[in-house]
Amino acid sequence: MKINTKKLVYLGIFAAVSSVLMFFPHFPIFPPPANFLDVDFSDVPALLAAVTVNPFAGIVVVLVKNLFHVLFTQTFAIGELSNLILGTVFSLVVGILSHYTFGNTDMKKKLFIVLPIAVITVTFTAMLSNYFLVLPAFAHIMGWSDNIEMMRFVAVWIMPFNLIKSSIQAVVFYLLYRGISPYMKKHLFGFK
């Protein structure tokens, strides 16, 4: 897929905005022990890139924001790895389904179908990646005992958190896309 200079500039802007949004605003939605699970909006620019440029542009935005954020990590880069996995899945699902499914359907209508599929996929991926990778890595680094009830933690905290977070991000993305798509159609990309 060819990317022209204008699209490359917009990709850089999406990556920069995403990097800033990973720092603020963000807020926890659960009390301890899960108050470290913060909602942020850093995947919204990646979703915009995935829909307006191409599916892999979203991955570039996710990669750049996490490489930048790892410089300031407080999670030994495990949080960034988790964010990279989930952001990549979110961007790929939204980008691929919006570009290659539902024929010539208007993009706003496509997204109405695509975003719920992506939210469910991200939530399922979060459950698997946390159970098999993220939580065991945290347990090892933090010296937690081996008898941590990971399955319970994933079911009680990780699953609802990612369902809520990705739903919020999907709604914000959809509203933002509806607002800026006329400009982008006219001045930049020529998509539907």
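Remember, it's a predicted structure, so these values are computed and weren't measured experimentally. Sequential numbering from 1 along the given sequence is applied to the chain's residues.
Distance check: Asn130 CG to Thr125 OG1 gives 10.5 Å after rounding to the nearest 0.5 Å. The distance from the CZ atom of Phe138 to the CG atom of Leu133 is 10.5 Å, given to the nearest 0.5 Å. Here Trp157 contributes atom CH2 and Arg152 contributes atom CZ; the two are 8.5 Å apart, rounded to the nearest 0.5 Å.
Listed by first then second residue, pairs satisfying salt bridge (Lys or Arg N to Asp or Glu O under 4.0 Å) with a partner in residues 163-181 read Asp40-Lys165, not counting sequence neighbours. A salt bridge (Lys or Arg N to Asp or Glu O under 4.0 Å) check over residues 88-103, counting only residues at least two apart or in different chains, returns nothing.
Ser91 places no side-chain N or O within 3.5 Å of a backbone atom of Thr88 that could act as its donor or acceptor partner. Not one N or O on the side chain of Lys7 forms a donor-acceptor pair closer than 3.5 Å with the backbone of Ala49. Formation of a donor-acceptor pair under 3.5 Å by the Ser19 side chain with backbone atoms of Ala15 is found in this model. Between the side chain of Ser18 and the backbone N or O of Ser42, at least one donor-acceptor pair lies under 3.5 Å. His99 contributes a side-chain N or O that, together with a main-chain N or O of Ala50, makes up a donor-acceptor pair within less than 3.5 Å.
Summarising the local packing, CZ of Phe36 is surrounded by more than 12 heavy atoms from other residues, nucleotides or ligands at distances under 6.0 Å. Heavy-atom contacts from other residues, nucleotides or ligands closer than 6.0 Å to NE2 of His140 number 12 or fewer.
Residue Val114 forms a side chain to side chain contact (heavy atoms under 4.5 Å, CB included) with just one option from Leu97, Ile96, Val51, and that option is Leu97. Of the residues listed (Ile85, Thr75, Leu71), the one engaging Glu80 in a side chain to side chain contact (heavy atoms under 4.5 Å, CB included) is Thr75, and it is the only one.
Closest non-hydrogen pair, Phe41 versus Gln169, comes out as CA-NE2, 4.1 Å. Residues Ala46 and Val62 approach most closely at CB-CG2, 3.6 Å, considering heavy atoms. In plain terms, the two heavy atoms of Pro160 and Val154 that are nearest each other are CD-O, 4.4 Å. The two residues Thr73 and Ala77 make their nearest non-hydrogen contact at OG1-N, 3.2 Å. Nearest heavy-atom pair across Asp38 and Phe161 is O-CZ, 3.1 Å.
For the pair Asn83 and Asp43, the minimum side-chain heavy-atom distance is below 4.5 Å. Using a 4.5 Å heavy-atom threshold, the side chains of Val171 and Leu115 count as separate.
Ring-plane geometry between Phe23 and Phe68 is classed as perpendicular, the angle between the planes exceeding 60 degrees on a 0 to 90 degree scale with a lower cut at 30.
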